[in-house]
*Asks:* 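Got a structure for you, questions after.
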Amino acid sequence: MDPDPVYYVDLTLNGLIFGAMYALMAIGLTLVYGLLRILHIAHAAVYAFGAFITVIVANATGSIALGIVVAIVASALLGPAIYRLLYEPLLKHPPYVAMIASMGLLIFMEDGFRILFGEQGLTFTRNPYPTEIHQLFGVTINTVQIAMIVLSVVCLTALALFTTRTRVGVAWRATVSNPTIATSFGVDAIKVRYLNFMIGSALAALAGALIALLNNFVEPSMGFVVSYKALAIIVLGGLGSMRGTLIASLALGLVESFGTILVGSYLDRDALAFLFLIIVLMVRPQGLTGARA
Amino acid sequence: MLRLENMSCGYGPVRAVTDVSFELPDKSALALLGPNGAGKTSTIMAIMGHTAVQGGRILFNGEDITHVPPVRRVDLGIALVPEGRRLFTDLTVEENLTVGGYHLSTRNDAANRARVYDLFPRLSDRRKQISGSLSGGEQQMLAMGRALMAEPKLLLIDELSLGLMPKMVDQCFAALATLRAQGVTILLVEQNTTRALDFAEHVCVMTSGSLAFSGTSQQAKQDENLFDVFVSAGHE
Ligand SMILES: Nc1ncnc2c1ncn2[C@@H]1O[C@H](COP(=O)(O)OP(=O)(O)OP(=O)(O)O)[C@@H](O)[C@H]1O
Ligand SMILES: [Mg+2]
């Protein structure tokens, strides 16, 4: 083993990049949980949907950027539609009813992708970005990874500013904290729900699009693995907390990155998420940040 | 200003309050008293639109508001200081006030904040603090400040002094007196009967969901039976 420091920088950077993608994906999930106490498992299907739309539009028009924009807009409409058509009619029932319906929708959409686009998945006809290599402070990084860093920092910063510096953003957090009282002060909880699904779904679609670009490949079940990782993340982050979710996402990214090297021969990368979840919950049952009980 | 006409309310099939009627004139204060489980909170939350009204009417300035959606009632000039404060605990003091004045957009925002910080200087020192980490008294002040941000004509206060140290109780009642002097109409639910009777000129007493007494504080102080209501409830 060669303890080259650049190698560890590389692992760290890779971990953080994956962590950032998990964060984009998991924030929508934690927000829905905070607001409605529903485990929005179908969120993973929105992520896959975003990835598929990106590839399809990019291949049809020749513009990857346009593909991403269309994917984000379409997902920002799909999310609220899922709320309106699937969850709202189920709100009067216990939360597990909506959760089961959500699982159903995930399977339905996955099979939908399979029927429409084939079992094999799709690739970009022209996607030079994953193979465009740059040297950055001695680390090798490709264009998609740079885009991942830049876009996730921009989006998460924008989200943080929105939720702390604007009246609507503050009202949104107030609704997550106490919907009844927020309503008493004139905050329309229904609009907040739509906003919540819109923003969460747009972020998930962005993550899906970027992962599709990085792998140069999308396939129907791509949401499945991500869905259980995202569930692990929001539990670790202390269900409903945005900050906790961000920290848990980055932590999981790093654990996977280093874990693959350290225990990779015994454990699959995807199994590490659960090992991490189990260990953290044994030591800190309140989650990593302990923001909520 | 506020009038309940044979109002009944409850939760699904459960009836919590039956046939309650009272009137609260403009710029007056009414104390709503009664033992635990009498239906005081249910009544207040029905006025706010959160408890389902099962019969009768609620009138505000002559207008029937029984079916006005909860989210629109603050526009009429009704604001709530709920039982147990129910702050937005992971928001800062400032942010709680922002939500309090949400229905006004930015209109009078700065002036209303100044008014709250004037009334409760302790909050002024803690603007950036997460409200969940405030002391009980400070939380009650913030719950009142949040309601004031809405520029209420009618302030509904559920359990002002519960769990507070005597000094804090004094401060909260002093603030309430200031608000009254400024012309805010007040409906106060309060465990501390003596303080409530000293503060409000009208009194309603509820027991097990219905009105047991309605009159002036003077009458209430002289009514011996009223005392029994609380004593008997205390021995249950
Ligand atoms: N969410 C609810 N669902 C069902 N029943 C409820 C609910 N909230 C209150 N009740 C019932 O309604 C009745 C009145 O309760 P309420 O809280 O209005 O009384 P209260 O006078 O405010 O009592 P306290 O002094 O303890 O605050 C009680 O019998 C209570 O059990
Ligand atoms: Mg009560």
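Here is the naming used below: chain letters follow the sequence lines, and residue numbers restart at 1 for every chain.
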*Asks:* Identify the heavy atoms of B:Asp90 and A:Arg173 that sit nearest to each other, and give their distance.
*Replies:* O-NH2, 3.8 Å
*Asks:* Does A:Phe224 CZ have over 12 foreign heavy atoms under 6.0 Å away?
*Replies:*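 Counting other residues, nucleotides and ligands, CZ of A:Phe224 stays at 12 neighbours or fewer.
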*Asks:* Enumerate by number any residue of residues 47-58 of chain B whose heavy atoms lie under 4.5 Å from heavy atoms of chain A; in the absence of such residues, state 'none'.
*Replies:* B:Met48, B:His50
*Asks:* Do you know the tightest heavy-atom contact between B:Val71 and A:Val187?
*Replies:*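 Residues B:Val71 and A:Val187, closest heavy atoms: CG2-O, 3.5 Å.
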*Asks:* For B:Arg73, is it the side chain, the backbone, both or neither that has a heavy atom under 4.5 Å from a heavy atom of chain A?
*Replies:*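 When you check distances to chain A, no heavy atom of B:Arg73 falls under 4.5 Å.
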*Asks:* Heavy-atom cut-off 4.5 Å, strictly under: side chain, backbone, both or neither for B:Asp109 against chain A?
*Replies:* side chain
*Asks:* How many angstroms lie between atom CG of A:Asp188 and atom NE2 of B:His103, to the nearest 0.5 angstrom?
*Replies:* 14.5 Å
*Asks:* If you count the non-hydrogen atoms of other residues, nucleotides and ligands that lie under 6.0 Å from OH in B:Tyr11, is the total more than 12?
*Replies:* yes
*Asks:* Answer with side chain, backbone, both or neither: which region of B:Pro82 has an atom nearer than 4.5 Å to a non-hydrogen atom of chain A?
*Replies:* side chain
*Asks:* To check you understand the geometry: which heavy-atom pair defines the closest contact between A:Ala171 and B:Val99, and what is its length?
*Replies:*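 Taking every non-hydrogen atom into account, CA-CG2, 4.4 Å.
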*Asks:* Considering non-hydrogen atoms only, spot the tightest contact between A:Ser184 and B:Leu80 and give its length.
*Replies:*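 Minimum heavy-atom separation between A:Ser184 and B:Leu80: OG-CD2, 4.1 Å.
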*Asks:* Non-hydrogen contacts under 4.5 angstrom with chain A: give the residues of residues 125-140 of chain B involved, or none if there are none.
*Replies:*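 If one takes a 4.5 Å heavy-atom cut-off, no residue of residues 125-140 of chain B lies near chain A.
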*Asks:* Find the distance between CG (A:Asn178) and CG (B:Leu91) and round it off to the nearest 0.5 Å.
*Replies:* 11.0 Å
*Asks:* Considering only residues two or more places apart or on different chains, which pairs with a residue in residues 161-193 of chain A satisfy ring pair (Phe, Tyr, Trp, His ring centres under 6.0 Å)?
*Replies:* A:Phe162-A:Trp172
*Asks:* What residue, out of B:Ala150, B:Ala79, B:Gly100, has the most heavy-atom pairs lying under 4.5 Å from chain A?
*Replies:* B:Gly100
*Asks:* Minimum heavy-atom separation for B:Glu95 and A:Thr164, please, with both atom names.
*Replies:* OE2-O, 3.9 Å
*Asks:* Hey, which residues of residues 192-208 of chain A are touching chain B, say heavy atoms under 4.5 Å apart?
*Replies:* none
*Asks:* Is any side-chain heavy atom of B:Thr106 less than 4.5 Å from a side-chain heavy atom of A:Arg167?
*Replies:*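 Yes - at least one pair of side-chain heavy atoms lies under 4.5 Å apart.
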